[in-house]
Amino acid sequence: MARPTPTIVTLIAAGVAAAALSGCARNRDVPTSLAPARMTSIGVNSYLWRAAVDTLSFAPLVTADSNGGVIVTDWYANPRTPGERVKLTVSILDQELRADALRVAASRQVNQNGAWVEAPVAAATVQKLEDIILTRARDLRRTTIGG
């Protein structure tokens, strides 16, 4: 199995840090009850949606369709590695907060002699990003008290 490239892992870590920092001011006491797993004020699960938007906040967004559940980033190059860039697509497929309701796809390109050339993305990198989004969604659900 291919190992994630350090640059992609750095991008994911930056997204995790941004998501973690955005929640620092919130009260982290454990609620006495959980909010429902199904939130349908938008077309897809709102916990997954918010978690995906938070996680991808480091990259410029091209599309963010909450009814269709699709988020597409523009190409993002880490300033430390300008010869490599990534583009991410997150699809939320259901109104339930479930692991199989989330799909992440990543494209990676490297600059070779002034031209961007497709490069492989390790499956573990995509899996790690899905795990980050799911963990954030579950945290959001835990901090919401159902009424």
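Of all non-hydrogen atoms in Ala51 and Leu140, the two that sit nearest each other are N-CD1, 3.9 Å. Gln109 and Trp116 make their closest contact through OE1-CB, 3.3 Å (heavy atoms, listed as atom of the first residue, atom of the second, distance). Counting all heavy atoms, side chain and backbone alike, Val121 lies closest to Ala106 at CG2-O, 3.8 Å. Taking each heavy atom of Leu97 and Ala137 in turn, the nearest pair found is CD1-CB, 3.7 Å. Between Ser66 and Val44, the shortest heavy-atom contact is O-CG2, 3.5 Å.
Between Glu130 and Gln127, some side-chain heavy-atom pair lies under the 4.5 Å cut-off. A 4.5 Å side-chain heavy-atom check between Asp139 and Thr135 finds at least one atom pair inside the cut-off. Between Val90 and Leu102, the closest side-chain pair of non-hydrogen atoms falls below 4.5 Å.
Between Asp131 atom CG and Thr55 atom OG1 the span is 11.0 Å, to the nearest 0.5 Å. The line from CG of Asp65 to OG of Ser91 is 10.5 Å long, rounded to the nearest 0.5 Å. The line from CZ of Arg98 to CD1 of Ile92 is 13.0 Å long, rounded to the nearest 0.5 Å. Taking CG from Asn45 and CD from Gln95, the interatomic distance works out to 8.5 Å, rounded to the nearest 0.5 Å. Interatomic distance, CZ of Arg103 versus OG1 of Thr89, reported as 14.0 Å (0.5 Å rounding). A distance of 7.0 Å separates CG in Leu61 from CD1 in Ile71, rounded to the nearest 0.5 Å.
For the pair Ser57 (side chain) and Asp54 (backbone), a donor-acceptor distance under 3.5 Å is present. Judged by distance alone, the side chain of Arg108 and the main-chain N or O of Val86 form no donor-acceptor pair under 3.5 Å.
Leu93 and Tyr47 fall into different hydrophobic clusters, where Ile, Leu, Val, Met, Phe, Trp and Tyr side chains are chained together by heavy-atom contacts under 4.5 Å. In the hydrophobic clustering of this structure, Val72 does not group with Trp75; members are Ile, Leu, Val, Met, Phe, Trp, Tyr whose side-chain heavy atoms approach within less than 4.5 Å, directly or through other members. Clustering ILVMFWY residues whenever any of their side-chain heavy atoms sit less than 4.5 angstrom apart, transitively, puts Tyr76 in a cluster other than the one holding Val110. In the hydrophobic cluster analysis, where Ile, Leu, Val, Met, Phe, Trp and Tyr join through side-chain heavy atoms closer than 4.5 angstrom, Val70 is grouped apart from Trp49.
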